[in-house]
There are 2 protein chains.
Amino acid sequence: MADGRGLSSGNSDSLLFLTDEQIRQGSEAMFFAYRGFTADPDRILIDLAYGRAHHRAIHFINRAPGTTVNNLLNILGVTKQSLNRVLRTLISDGLVQSRVGRNDKRERHLYLTDPGRALEQQLSDAQRARMRAAFRDAGPEAVAGFRTVLEAMMDPELRQSYIRLKDSST
Amino acid sequence: MADGRGLSSGNSDSLLFLTDEQIRQGSEAMFFAYRGFTADPDRILIDLAYGRAHHRAIHFINRAPGTTVNNLLNILGVTKQSLNRVLRTLISDGLVQSRVGRNDKRERHLYLTDPGRALEQQLSDAQRARMRAAFRDAGPEAVAGFRTVLEAMMDPELRQSYIRLKDSST
DNA sequence: CAGTTTAAGTCAGTCATGTTGACATTCCAA
DNA sequence: TTGGAATGTCAACATGACTGACTTAAACTG
C-alpha cells in the first residue's frame, strides 16, 4: 500500500498478477461485470415497479424459506426499516407470506407464495442465462478460480453466510 | 432455460459446474463479493458526503485523463443529469477540472486536480488492499479464471470499454 | 448561409431505497 | 413481576437514480 506502485518491476513474472495495474483491472472487471450481472433482472423489474432490493429479498427468501426478518437483514446488509418497506409491498402484492413464529412470537417467518415463486423463477432464469453462458465460455477451471477469488474478497462475516447457504443446499 | 433444472443429473461430472445450483452459487458469490468490493471506499466517502457515484467518476477520470463528459457517460451507464450533479460538486470542490475542447469547443475534457488525485489514491488504495489480499490468497490461476469469467459476463459493449481501458494502460 | 445535429448543462418531477427516530409487542432473566 | 433486550412496524426525511423538456453553443451539411 505504502509505495503505491505495487511490486517493483524487477520481480519474476510469477507475481505479475499482483501489480497495481493488475489489481486495477480486476476492479474494473468487477465493476463492468456486475453491471451485466444485474442488467437482465433489472429490466424485468422495471415493469413491476420493483427494484433490485425486491429481487434480493425474493431471492434469499426462496433460498431459505421460513427465514426471519432479522436473518434476512444480516444477509442483505440494510436497515430493518429499509427491508420492511420492500417486504410490505411484496406481502401486500401477495408474493411473500409472513407467518408469526410458533416458538417466538416476535419473529416473522417469510415464505414465497406461488406467484412469488413464479417471479423468482423468472428473475433468476434471466440472471442465470447470462451466467451460464459466461461459465460455459470460460470453462470449469476458470469458474473455479472465479469462485475462489470472489470468496476471498468477501467480508469474513458474509463469507460465513455465503458458505452456510451453499452447504444448506446440498 | 426451459427446463429450469439445468443439466439432468445423469451427466458426466465434467459439466457439473453448469448446473442451476452451481450457477446460483455463482450469483450469490457475486452479490456478497461486490459488497466487500465496495465496502472500503464507501466508508471513506461517507465522511466526505460523497457517494459511490463520485468514486466511479473520479476513478475513470483518473484512468482516462481528458475524457469527455459524453465518454464518461457511456462508461458509467448513468444519465447526464445524474452524472452532472456529481461532476458539479467535484468541480466546485476543486477535485476535478473541466477544460473546453481545443478542436471541438462543445466538448469538456475532464482532469483530476492534485487534491483530486490524492483522493483517488486514497480510495483506490483502500479498494486495492482487499483485492490484492484476495488475489494473493487465491493464486495466479484463480485470478486468471476470475477475470475470464467476469469478462464473459459483461455486456459486449461494456466489454469493449473494459478492453480499451486495459490496453490503453500498457 | 440556413437548418439540423451534437455536446453539454439545467430545471422540474418522480421513484426506489437508504437513513434515523419513535413505538408496539414479545420474550427472558434478575 | 418488572425492566431490559429483541423483533418488527410506522413515519419522516435524504439521496441519488430516472424521465422529460428545455437552453446554449458549436459543428456539420445540403
Side-chain angles (χ1 to χ4, degrees), chain A residues 31 34-35 38-39 41-61 66-93 95-111 119 123, chain B residues 31 34-35 38-39 41-43 45-58 61 66-93 96-111:
Chain A
F31 172 68
Y34 200 78
R35 289 258 300 277
T38 56
D42 279 0
R43 264 189 289 276
I44 296 173
L45 291 160
I46 287 174
D47 299 330
L48 304 171
Y50 289 155
R52 221 172 274 176
H54 298 82
H55 181 196
R56 292 194 287 252
I58 289 174
H59 174 98
F60 286 108
I61 293 173
T67 186
T68 63
V69 173
N70 213 10
N71 185 29
L72 204 49
L73 237 42
N74 293 325
I75 287 177
L76 296 178
V78 295
T79 59
K80 60 180 174 174
Q81 294 87 335
S82 192
L83 175 60
N84 192 255
R85 184 179 337 104
V86 168
L87 245 30
R88 198 165 22 185
T89 68
L90 290 176
I91 290 171
S92 76
D93 290 351
L95 300 177
V96 168
Q97 195 191 358
S98 161
R99 299 185 204 154
V100 173
R102 274 206 310 141
N103 295 337
D104 188 334
K105 289 179 185 165
R106 293 171 304 180
E107 295 180 339
R108 301 296 132 90
H109 298 272
L110 303 169
Y111 301 86
L119 177 58
L123 290 170
Chain B
F31 171 68
Y34 199 78
R35 288 259 299 279
T38 56
D42 279 359
R43 266 189 288 276
L45 290 160
I46 287 174
D47 299 330
L48 303 171
Y50 289 153
R52 220 172 275 175
H54 297 82
H55 181 196
R56 292 194 286 253
I58 288 175
I61 293 173
T67 186
T68 62
V69 172
N70 219 1
N71 185 28
L72 203 51
L73 237 42
N74 292 326
I75 286 177
L76 295 179
V78 294
T79 59
K80 62 176 175 176
Q81 294 90 331
S82 197
L83 176 59
N84 195 256
R85 186 180 337 110
V86 168
L87 242 31
R88 204 167 9 184
T89 68
L90 290 176
I91 290 171
S92 76
D93 291 351
V96 168
Q97 195 192 357
S98 162
R99 298 184 205 154
V100 173
R102 274 208 307 144
N103 296 338
D104 189 332
K105 290 178 187 167
R106 292 171 305 180
E107 294 180 339
R108 301 296 134 88
H109 299 273
L110 302 169
Y111 301 87

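Every chain is numbered from 1 and lettered A, B, ... according to where its sequence line falls, protein lines coming before strand lines.
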Student: Would you indicate which nucleotide in C:dG9, D:dA17, D:dT7 comes nearest to any side-chain atom of B:N84?
Tutor: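 Of all the options, the side chain of B:N84 is nearest to C:dG9.
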Student: Nearest 0.5 Å please: distance from the CZ atom of B:R35 over to the CD1 atom of A:I75.
Tutor: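 Result: 9.5 Å between the selected atoms.
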Student: Can you find a donor-acceptor N/O pair under 3.5 angstrom joining the side chain of B:R52 to the base of D:dG16?
Tutor: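 No pair found.
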Student: Taking OP1 and OP2 of C:dT19, is either one under 4.0 Å from a side-chain nitrogen or oxygen of A:T79?
Tutor: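 Yes, A:T79 has a side-chain N/O under 4.0 Å of OP1/OP2 on C:dT19.
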Student: Is there a donor and acceptor pair closer than 3.5 Å between the side chain of B:R85 and the base of D:dA17?
Tutor: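 Such a pair is found, so the answer is yes.
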Student: Of the options C:dA7, C:dT17, D:dA17, whose atoms approach the side-chain atoms of B:V78 most closely?
Tutor: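 For B:V78, the side-chain atoms sit closest to D:dA17.
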Student: Measure from NZ on A:K80 to P on C:dG18 and round the result to the nearest Å.
Tutor: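 Rounding to the nearest Å, NZ of A:K80 and P of C:dG18 are 16 Å apart.
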Student: Measure the distance from CG on B:L76 to P on D:dG16 and round it to the nearest whole Å.
Tutor: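 Checked: the CG to P distance equals 15 Å.
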Student: Does D:dG16 have its OP1 or OP2 closer than 4.0 Å to a side-chain nitrogen or oxygen of B:S82?
Tutor: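 B:S82 to D:dG16 OP1/OP2: no side-chain N or O under 4.0 Å.
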Student: Please report the interatomic distance CG(A:L95) to CD1(A:I61), rounded to the nearest 0.5 Å.
Tutor: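 Here the interatomic distance stands at 9.5 Å.
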Student: Looking at every heavy atom in both B:G101 and B:H109, which two are closest together, and how far apart are they?
Tutor: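 Looking at all heavy atoms of both residues, the closest pair is CA-CD2, 3.3 Å.
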Student: With the side chain of B:R56 defined as its heavy atoms from C-beta on, choose the nearest nucleotide among C:dA16, D:dA17, C:dA8.
Tutor: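 Of the options given, the side chain of B:R56 lies nearest D:dA17.
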Student: At 4.0 Å (heavy atoms only), tell me whether A:N103 reaches a base, stays on the sugar-phosphate, or touches nothing.
Tutor: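 Sugar-phosphate: the residue A:N103, judged by heavy atoms under 4.0 Å, touches backbone atoms but no base.
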Student: Need to verify one output field. Residue with the more 5' nearest nucleotide on DNA chain D, A:D104 or B:G77?
Tutor: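 Its nearest nucleotide lies further toward 5', so the answer is A:D104.
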Student: Side chain of B:N70 only, please: which of D:dA17, C:dA7, D:dT7 is the nearest?
Tutor: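 Out of D:dA17, C:dA7, D:dT7, the nucleotide with an atom closest to B:N70's side chain is C:dA7.
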Student: Let me know the distance between CG of A:L90 and P of C:dA16, rounded to the nearest Å.
Tutor: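 Answer to the nearest Å: 12 Å.
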Student: Does B:N71 or A:H54 map to a spot on DNA chain C nearer the 5' end, using the closest nucleotide for each?
Tutor: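 Result of the comparison: B:N71.
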Student: Can you tell me how far C1' of C:dA16 sits from CG of A:L87, to the nearest Å?
Tutor: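 In whole Å, C:dA16 C1' and A:L87 CG are 15 Å from each other.
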Student: Atom CD1 in B:I91, atom CG in B:N84: separation rounded to 0.5 Å?
Tutor: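 Interatomic distance, B:I91 CD1 to B:N84 CG, rounded to 0.5 Å: 8.0 Å.
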Student: Just to be sure I understand the rule, does A:K105 reach a base, reach only the sugar-phosphate, or reach nothing, if contact means heavy atoms closer than 4.0 Å?
Tutor: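 The residue A:K105 makes sugar-phosphate contact but no base contact.
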Student: Under 4.0 Å, counting only non-hydrogen atoms across every strand here, what does B:R99 touch: a base, just sugar-phosphate, or nothing?
Tutor: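 Here B:R99 touches no strand at all.
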Student: I need the CZ-P distance between B:R106 and C:dA7, as an integer number of Å.
Tutor: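 Roughly 6 Å, once rounded to whole Å.
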Student: Tell me the interatomic distance from A:H55, atom NE2, to C:dA16, atom C1', rounded to whole angstroms.
Tutor: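 So the NE2-C1' distance, A:H55 to C:dA16, works out to 16 Å.
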Student: Testing B:V86, B:L110, B:V78 for side-chain contact (heavy atoms from CB on, under 4.5 Å) with B:L72, which one passes?
Tutor: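 Between B:L72 and the candidates, side-chain contact (heavy atoms from CB on, under 4.5 Å) is satisfied uniquely by B:L110.
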Student: If you take atom types as modelled and just measure distance, does the side chain of B:Q81 reach the base of D:dG20 with a donor-acceptor pair under 3.5 Å?
Tutor: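 When only heavy-atom distances are counted, B:Q81 does reach the base of D:dG20 through a donor-acceptor pair under 3.5 Å.
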Student: Rounded to the nearest Å, what distance is computed from the CZ atom of residue B:R88 to the P atom of nucleotide C:dT10?
Tutor: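 Nearest whole value for this atom pair: 5 Å.
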